[in-house]
Structure formats: structure tokens, C-alpha cells
Amino acid sequence: MEWTDERVATLKGMWLSGYTARQIAERLGGVTRNAVIGKAHRLGLSTRPSPIRRHEPVSMPRVVERTCQWPIGHPGSPEFHFCGEEAVSGKPYCDKHCGVAYRRSSQDSGS
DNA sequence: CCCTGATTCGC
DNA sequence: GCGAATCAGG
């Protein structure tokens, strides 16, 4: 079928009225809902009262920034990992490792 | 398993 | 530009 001005007008009207792509396709005849959706996109429609919501491209809540980044084991070895405990707010380490990381701030107490 | 729209991709 | 196939979710 051809997308005449009349058929396009029907598509627009129904789409904007909230009809599903399938309903529109049935009304028009000779087209599938895929055709309707594809055409709707080309018309600049789309994103309208749709029952589903796609996941936004937002990566997971910065879990990494909330977990202790204190290295455990030797870097490069299979056993190497980070502490992973809940980190102190604003710090890259948990409370325990903050103590290790930030002690002797003004003096060297030796090994 | 039915449905929804979104996107991709060969034509 | 078109729309089936596919994707991603309800």
C-alpha cells in the first residue's frame, strides 16, 4: 500500500489519539503494525503514551564510588581485588582502610 | 504466550 | 522511504 496523504493523516490522527499501532494498521488495512510504527517514526512521531519504558542509558548507580577501593593482594594476581566494604562518604575507602590510608599524616612512624 | 512501541537493516 | 525482523519490556 502507498502512504497517501489521506492514509498518513489517518495514521497521525489515530497515533496522536492514543490508538495502538496494531489498531491503526487494522484500520488502514494492507499494513502491519511494524509499517505503522516505522512510518510514525519517519513522520517525527514516536515516543508517546506507550505502556512500556525503555531503560535509560544510565549506568548503574556509582556503586564503585561507594565501595572501598582498598586493594587486597598483589595487583595483577588472580587473587587481587578491592575491599568492597561500604566506603566513608567522600572517601574512596571504608572506615577501616581510611585509618590505614590516612594515618601518619604528619609523621613517619616507620615500618 | 499474549501484547506494546523502538530500533535495525536490507531492500 | 519502506517494513520485516528483531529487540526490550509489560
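Here is the naming used below: chain letters follow the sequence lines, and residue numbers restart at 1 for every chain.
- Residues passing the side-chain contact (heavy atoms from CB on, under 4.5 Å) test with A:Ala35, sequence neighbours excluded: A:Val31, A:Thr32.
- The CD1-P distance, from A:Ile24 to C:dG3, rounds to 14 Å in whole Å.
- Atom CG of A:Asn34 is surrounded by more than 12 heavy atoms from other residues, nucleotides or ligands within 6.0 Å.
- Going from atom CD of A:Gln23 over to atom C1' of B:dG5 covers 14 Å, rounded to whole Å.
- Proximity of A:Trp3 to the phosphate of C:dG3: a side-chain N or O atom is located under 4.0 Å from OP1 or OP2.
- Rounded to whole angstrom, the span from the CZ atom of A:Arg7 across to the C1' atom of C:dG1 amounts to 15 Å.
- One interatomic measurement links the two molecules: NE2 of A:His41 to C1' of B:dT4, which rounds to 12 Å at whole-angstrom precision.
- Of the inter-residue distances, the one linking A:Thr67 atom OG1 with A:Gln69 atom CD reads 4.5 Å to the nearest 0.5 angstrom.
- Partners of A:Trp15 according to the ring pair (Phe, Tyr, Trp, His ring centres under 6.0 Å) rule, which considers only residues two or more places apart in sequence or in another chain, do not exist here.
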Run the side-chain donor-acceptor check on residues 77-90 of chain A: report pairs under 3.5 Å with partners two or more places apart or on a different chain.
{"unit_1": "A:Ser77", "atom_1": "OG", "unit_2": "A:His74", "atom_2": "O", "d": "2.9"}
{"unit_1": "A:Ser77", "atom_1": "OG", "unit_2": "A:Glu79", "atom_2": "N", "d": "3.4"}
{"unit_1": "A:Ser77", "atom_1": "OG", "unit_2": "A:Phe80", "atom_2": "N", "d": "3.4"}
{"unit_1": "A:His81", "atom_1": "ND1", "unit_2": "A:Glu79", "atom_2": "O", "d": "2.9"}

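- A residue-by-residue look at A:Arg42 and A:Arg22 shows that A:Arg22 has its nearest nucleotide of DNA chain B further toward the 5' end.
- Checking B:dT7, B:dG5, C:dG3 against every side-chain atom of A:Ala21, the shortest atom distance belongs to B:dG5.
- A heavy atom closer than 4.0 Å to some atom of DNA chain B occurs in A:Arg33, A:Asn34, A:Ile37, these being the qualifying members of residues 31-39 of chain A.
- Spacing between atom CG of A:Leu11 and atom C1' of C:dG1 amounts to 14 Å, rounded to whole angstrom units.
- Rounded to an integer number of Å, the gap from CG of A:Leu43 to P of B:dT7 is 15 Å.
- Rounding to whole angstrom units, CD of residue A:Glu2 and C1' of C:dG1 are separated by 12 Å.
- Residues passing the ring pair (Phe, Tyr, Trp, His ring centres under 6.0 Å) test with A:Tyr93 are A:Trp70, sequence neighbours excluded.
- In this structure, A:Tyr19 atom OH and B:dC3 atom C1' are separated by 18 Å, rounded to whole Å.
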Output a table of donor-acceptor pairs, distance under 3.5 Å, between side-chain atoms of residues 3-14 of chain A and any protein atom two or more places apart or on a different chain; print 'none' if there are none.
{"unit_1": "A:Thr4", "atom_1": "OG1", "unit_2": "A:Arg7", "atom_2": "N", "d": "3.2"}
{"unit_1": "A:Arg7", "atom_1": "NE", "unit_2": "A:Glu2", "atom_2": "O", "d": "3.0"}
{"unit_1": "A:Arg7", "atom_1": "NH1", "unit_2": "A:Leu28", "atom_2": "O", "d": "3.4"}
{"unit_1": "A:Arg7", "atom_1": "NH2", "unit_2": "A:Gly29", "atom_2": "O", "d": "3.3"}
{"unit_1": "A:Thr10", "atom_1": "OG1", "unit_2": "A:Glu6", "atom_2": "O", "d": "3.1"}

